[in-house]
Amino acid sequence: MKPPHFLSAYLRQSRELLQTNDESRAMALAVGGDFDAVGALEFCLLRQCGLTPEHRIVDVGCGSGRLAKQLSGYLQPGDNYLGVDVVPELLGYARRICGRSDWSFREVRGTAIPAPDVSADFVAFFSVFTHLQHEETYRYLREAARVLKPEGKIVFSFLEFRIPAHWFIFENSVKDERTEKVLNQFIDRDMIREFCSHLGLRISEMHDGHVPHIALDRTIRWDDGRCMTGLGNLGQSVCVLEQNDA
């Protein structure tokens, strides 16, 4: 089977960053920068969606651990976190900074989630569908529905043309004519609804990326000096899915 397109792009990007930066900076840049700020926002969002210390979460595209680091002092001891990614260097770094020997970090090569059926309270895809072909997104959602518990939630971020603040990402993609590059993919809300109808899922929340909607438990400080207090937003839009019969 031919490897997915994103595999070679991410492997190449991460290794180039490691060659030109110290490890911590390379690991932050590999997931888009603002390592602590974005990780904290993701953590606050999941808590707002109902994540508790005893829950089990699957973190797809966990990267270098920006969300995992935030969860490491929150989730109770036990095998309650699974982080998966395609880049072994990122997984190794995430494992080290979390210091949770009870957690699992798994390298994957496709869109299968290495978890049993009905085993996860949360499945998170932060900045994952933004870099996949639509067919790959559908396969991942199908896998998430398989591993999700009846009352569980799927949380993902996405880019959409209806948000003016996302347009610059598309413009930069138009300018970049390299044949091998990390894909920036946009998703239409009609597509999300159609995917859900075929997968037995329903949309419980949808949030515009530029509108503050995440209740913050701290001040979020971005690398450029900006601060968020009270309510925050990821920049990317956010969708929360549940099982249809939940």
Side-chain angles (χ1 to χ4, degrees), residues 4 31 38-87 90-91 94-95 98 100-132 136-158 187 192 195-207 214 234 236 238-246:
V31 292
V38 174
L41 282 164
E42 293 171 351
F43 171 72
C44 290
L45 171 61
L46 291 176
R47 286 192 63 189
Q48 180 173 291
C49 290
L51 180 72
T52 62
E54 66 272 13
H55 278 153
R56 187 170 196 272
I57 181 170
V58 177
D59 183 8
V60 181
C62 67
S64 50
R66 63 185 176 190
L67 173 59
K69 182 182 178 183
Q70 300 292 328
L71 293 170
S72 62
Y74 179 73
L75 295 181
Q76 66 183 19
D79 184 20
N80 52 15
Y81 175 89
L82 169 64
V84 300
D85 205 274
V86 299
V87 183
L90 301 187
L91 287 165
R95 186 181 293 110
C98 289
R100 290 286 301 257
S101 59
D102 51 342
W103 283 6
S104 299
F105 291 89
R106 297 279 299 276
E107 182 182 351
V108 296
R109 282 291 181 266
T111 52
I113 297 176
D117 295 354
V118 196
S119 61
D121 298 286
F122 279 81
V123 184
F125 299 89
F126 289 115
S127 297
V128 174
F129 298 160
T130 51
H131 303 300
L132 300 184
E136 293 161 342
T137 293
Y138 184 85
R139 293 186 197 113
Y140 254 144
L141 284 175
R142 184 174 60 193
E143 277 287 275
R146 175 185 64 79
V147 306
L148 200 66
K149 293 180 180 179
E151 302 298 323
K153 294 182 179 180
I154 300 167
V155 183
F156 67 88
S157 63
F158 65 104
I187 294 178
I192 296 173
F195 280 7
C196 288
S197 71
H198 286 272
L199 294 171
L201 299 168
R202 63 180 177 86
I203 298 169
S204 61
E205 296 181 43
M206 192 87 81
H207 300 280
I214 302 170
L234 282 169
Q236 294 182 12
V238 170
C239 182
V240 182
L241 307 179
E242 299 180 32
Q243 302 279 13
N244 245 337
D245 54 357

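Residue indices begin at 1 and follow the sequence shown.
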Practice task
Before giving the answer on side chain to side chain contact (heavy atoms under 4.5 Å, CB included), spell out for T137 and L141 the whole-Å C-alpha distance, their side-chain angles and the decisive distance to 0.1 Å.
Solution key: CA-CA 6 Å; T137 293; L141 284 175; 4.2 Å; yes
Rounded distance (nearest 0.5 Å) linking atom [atom1] of [X] with atom [atom2] of [Y]:
X    : Y    : atom1 : atom2 : result
F195 : C239 : CZ    : SG    : 12.0 Å
Q70  : C44  : CD    : SG    : 8.0 Å
S119 : N80  : OG    : CG    : 12.0 Å

Practice task
Pick out which of F126, F122, Y74 makes a ring pair (Phe, Tyr, Trp, His ring centres under 6.0 Å) with F43.
Solution key: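 Between F43 and the candidates, ring pair (Phe, Tyr, Trp, His ring centres under 6.0 Å) is satisfied uniquely by Y74.
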Under 3.5 Å donor-acceptor pairs involving side-chain atoms of residues 46-59, not counting sequence neighbours:
unit_1 : atom_1 : unit_2 : atom_2 : d
R47    : NH1    : D217   : OD2    : 3.4
Q48    : OE1    : A215   : N      : 2.6
Q48    : NE2    : H213   : O      : 3.0
T52    : OG1    : E54    : OE1    : 3.4
T52    : OG1    : E54    : OE2    : 3.1
T52    : OG1    : H55    : ND1    : 3.3
H55    : ND1    : T52    : N      : 3.0
R56    : NE     : D79    : O      : 2.9
D59    : OD2    : Y81    : OH     : 2.7

Minimum heavy-atom separation for [X] and [Y], please, with both atom names.
X    : Y    : answer
C98  : W103 : SG-CZ3, 4.1 Å
V118 : P150 : CG1-CD, 3.7 Å
G61  : V128 : CA-CG2, 4.0 Å
V123 : A144 : CG1-CB, 3.9 Å

Handout entry: Residues that F158 engages under ring-ring contact (aromatic ring centres under 6.0 Å, His included), provided they are two or more places apart
Key =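 Residues passing ring-ring contact (aromatic ring centres under 6.0 Å, His included) with F158: F156.
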Exercise for the section: Examine distances only and state if a side-chain atom of Q243 and a backbone atom of A145 form a donor-acceptor pair shorter than 3.5 Å. Expected result: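 Confirmed, Q243 side chain pairs with A145 backbone.
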Handout entry: Any donor-acceptor N/O pair, R139 side chain to G110 backbone, under 3.5 Å
Key =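 Pair absent, no side-chain N/O of R139 close to backbone of G110.
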Problem - Set of side-chain hydrogen bond (donor to acceptor under 3.5 Å, both in side chains) partners for S157, sequence neighbours left out - result: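 Once residues adjacent in sequence are excluded, the partners of S157 under the side-chain hydrogen bond (donor to acceptor under 3.5 Å, both in side chains) criterion are Q236.
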Problem - For R146, side-chain hydrogen bond (donor to acceptor under 3.5 Å, both in side chains) partners two or more places apart - result: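 side-chain hydrogen bond (donor to acceptor under 3.5 Å, both in side chains) list for R146, sorted by chain: D117, E143.
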Side chain to side chain contact (heavy atoms under 4.5 Å, CB included) against [X], all qualifying residues, sequence neighbours excluded:
X    : result
L41  : I214, L216, I220, W222, M228, L234
S204 : R202, V240, E242
R95  : F105

Please tell me if the side chains of [X] and [Y] come closer than 4.5 Å, counting only heavy atoms from C-beta onward.
X    : Y    : result
E107 : V86  : no
L241 : I203 : yes
L199 : Y138 : yes

Exercise for the section: List the steps, then state whether side chain to side chain contact (heavy atoms under 4.5 Å, CB included) holds for L91 with C62. Expected result: CA-CA 8 Å; L91 287 165; C62 67; 3.6 Å; yes
Practice task
Before giving the answer on side chain to side chain contact (heavy atoms under 4.5 Å, CB included), spell out for I113 and V84 the whole-Å C-alpha distance, their side-chain angles and the decisive distance to 0.1 Å.
Solution key: CA-CA 8 Å; I113 297 176; V84 300; 5.5 Å; no
